[in-house]
Amino acid sequence: MTDVAARVRELLPSVRADLEDLVRIESVWADPARRPEVHRIAELTATLLSQAGFDDIQIVAEGGAPAVIARRPAPEGAPTVLLYAHHDVQPEGDATQWHSPPFEPTERDGRLYGRGTADDKAGIATHLAAIRAFGDELPVGVTVFVEGEEESGSPSLTALLAAHHDLLTADVIIIADSDNWAVDIPALTVSLRGLADCVVEVSTLDHGLHSGLWGGVVPDALSALVRLLATLHDDQGNVAVEGLYEAAAADVEFSDERVRADSGLLDGVQQIGSGPVVQRMWARPAITVIGIDTTPIAKASNTLVPSARAKVSMRVAPGGDAREHLAALTRHLQAHAPWGARVTVTPGDIGQPYAIDATGPVYEAARQAFRTAWGREPIDMGMGGSIPFIAEFAAAFPDAEILVTGVEDPGTQAHSINESLDLGVLERAAISEALFLKALGSDR
Ligand code: BES
Ligand code: MN
Ligand code: MN
């Protein structure tokens, strides 16, 4: 392999030490008490970039979390590449269920455990490794953009992109915040589902009633809500809402055994929906009920519940419009309440899906870099989850080519307890990125 790869390998221990310092900072923007930590990590990110040879560095904010923008100009005639990652993390959840402290990076069996080791402080580490491999001789212009509120839905990203549009303009954008197919098989993420959610409230009575006196005569709201929620799927588990969009997933085999192993499906429990796994996972809408407000069992008495609420979350296939999908879901909920029960739907969050046309020389150069670094053919992978800000980047920079890469793998457990990074994946991802930058720079 080339000397760039050897250089990344040499640098990796120091990059890993920097990653460990990043992980020790509890940068949970969603927790108001820990917002100062997000400011601290922005400072550290800026310092690390300064040590990597950037002198044009700013920490910026538009009413939200601090983001870091660092730039090194392009050599004559070379393109500019924007490298994205986020330095905020999800809350650690129940710390007692972690096998090592969530904010103390700990290595076990080739994996580095800790909140944000993968999602997405490893994205920062990957960019640092790729940049440092070139010393003073970067083959392309590089703008590093690390934001601090991705895990909160990037509410001020549109304002940041508008306020710093000229600084952030690039020919190629690498978003290092996604998954790989396996620890030894790389992937380019080529589509992501969108997101739309709402709260549906069902009411049948203006106050609770004795369930013996009135049961069997007037309906309780919880039974009505459960029946309404049941209309969202057919008996096989396919979504039964009219007017939703379905795309076509890439032709990739994802076995039923892998579904069972990767998801932890219990013995005897079946999958839902019909058709290939990747079609259901990446290219079709999905509806899930993610919470219910009603009388808790500890407080249950023989009383008919007068009203109850559920939060319904829908993923939107690439090509569909999240706003129109939310309207279709709302219409369905209003039309299907049993027994004339009253229904109120309160709209929630919206995030658009995104599909990338990953053809042409830039994507081919990326695939070649993956092949060299991993020794395996990369998979064009769809993604059932959402990164709503990608659609915003695409709208702000319509001429840029967007690559969605990442340092996660199926064992990462992002957002969950015992999140971890595979250290081999970090090495291969960093080498891939360095080789890709080199290819973009020599293509003049
Ligand atoms: N890095 C993830 C997205 C992701 C998840 C990529 C799993 C690959 C595998 C990102 O940080 C994330 O969590 N996104 C949120 C978006 C939400 C906060 C708007 C998601 O998908 O729920
Ligand atoms: Mn992420
Ligand atoms: Mn995340």
Side-chain angles (χ1 to χ4, degrees), residues 19 22-23 27-31 38 41 64-65 67 83-93 102 114-127 145-158 174-183 185-197 254 262-263 278 281-282 286 288 290-291 311 313-318 322 326 348-354 356 379-393 402-417 419-422 425 429:
L19 172 59
L22 291 165
V23 172
S27 50
V28 183
W29 182 253
D31 175 1
V38 182
I41 202 164
L83 305 176
Y84 169 95
H86 60 90
H87 52 215
D88 62 314
V89 294
Q90 286 278 327
E92 66 277 27
R115 170 60 81 234
T117 50
D119 184 11
D120 181 31
K121 294 176 181 179
I124 306 174
T126 304
H127 298 326
F145 177 52
V146 182
E147 68 147 320
E149 52 181 26
E150 193 279 339
E151 299 293 4
S152 305
S154 305
S156 62
L157 187 73
T158 314
I174 302 179
I175 293 174
D177 190 25
S178 190
D179 221 343
N180 288 287
W181 186 254
V183 287
I185 304 179
L188 261 179
T189 298
V190 296
S191 73
L192 302 112
R193 287 195 291 194
L195 189 75
D197 61 37
F254 198 115
D262 286 5
S263 72
V278 292
M281 205 159 45
W282 300 339
T288 49
I290 59 172
K311 184 159 183 177
S313 167
M314 174 163 55
R315 297 282 170 170
V316 179
L326 185 53
D349 289 334
I350 291 275
Q352 294 296 350
Y354 197 68
I356 295 168
I379 306 279
D380 274 5
M381 175 170 155
M383 160 88 129
S386 312
I387 311 184
F389 69 76
I390 294 180
E392 297 199 33
F393 264 91
I402 299 181
L403 283 94
V404 182
T405 65
V407 201
E408 298 187 22
D409 74 84
T412 289
Q413 292 192 197
H415 297 198
S416 182
I417 53 167
E419 175 180 352
S420 66
L421 163 74
D422 183 286
V425 169

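All ligand and atom numbering here is 1-based and tracks the order in the structure. Source: prediction; values computed, not measured.
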Backbone or side chain, does Asp177 get an N/O/S atom under 2.8 Å to the Mn ion (ligand 2)?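 So Asp177 counts as coordinating the Mn ion (ligand 2), yes.
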
Is Glu150 close enough to the Mn ion (ligand 2) that one of its N, O or S atoms comes in under 2.8 Å?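 Of the N, O and S atoms in Glu150, none lies under 2.8 Å from the Mn ion (ligand 2), which means no.
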
Heavy-atom closest contact (Asp120 atom, Ala85 atom, distance):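 Here Asp120 and Ala85 meet closest at OD2-CA, 3.3 Å.
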
Tell me the protein heavy atom at minimum distance from [atom], and give that distance in Å.
atom	result
atom 1 (N) of ligand 1	Asp177 OD1, 2.8 Å
atom 7 (C) of ligand 1	Glu408 OE1, 3.9 Å
atom 15 (C) of ligand 1	Ser386 O, 3.7 Å

At less than 4.0 angstrom from any non-hydrogen atom of Asp119, what atoms of ligand 1 do you find?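 So the atoms of ligand 1 that pass are 1 (N), 2 (C), 11 (O).
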
Can you sort out which atoms of ligand 1 are near His86, meaning under 4.0 Å from one of its heavy atoms?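 Every atom of ligand 1 under 4.0 Å from some heavy atom of His86: 11 (O).
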
Beyond-backbone contact of [X] with [Y], side-chain heavy atoms, under 4.5 angstrom:
X	Y	answer
Asp422	Asn180	no
His87	Leu22	no
Arg315	Leu195	yes
Glu150	Asp177	yes
Thr405	Leu188	yes
Asp119	Glu151	yes
Ile41	Lys121	yes
Ser386	Leu192	no

contact_flag [X] ligand 1 heavy-atom lt 4.0 Å:
X	answer
Gly351	no
Ser178	yes
Asp120	no

Option whose closest heavy atom lies nearest to atom 22 (O) of ligand 1, chosen from Met383, Glu151, Arg315: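 Nearest heavy atom to atom 22 (O) of ligand 1 lies in Arg315.
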
Among Gln90, Glu150, Met381, which one has a heavy atom closest to atom 18 (C) of ligand 1?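 Among Gln90, Glu150, Met381, the closest heavy atom to atom 18 (C) of ligand 1 belongs to Glu150.
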
Would you say atom 20 (C) of ligand 1 makes contact with the protein, given that contact here means a non-hydrogen protein atom less than 4.0 Å away?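 It does: a protein heavy atom is found less than 4.0 Å away from atom 20 (C) of ligand 1.
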
Rounded to 10°, how many degrees is the angle NE2/His86-the Mn ion (ligand 2)-OD1/Asp119?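 Roughly 90°, rounded to 10°.
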
Minimum-distance atom from the Mn ion (ligand 3) among N, O or S atoms of Glu151: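 Closest N, O or S atom of Glu151 to the Mn ion (ligand 3): OE2.
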
Below 30° counts as parallel, above 60° as perpendicular, anything between as tilted: where do the rings of Tyr84 and Phe389 land?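 Tilted, since the angle between the ring planes falls between 30° and 60°.
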
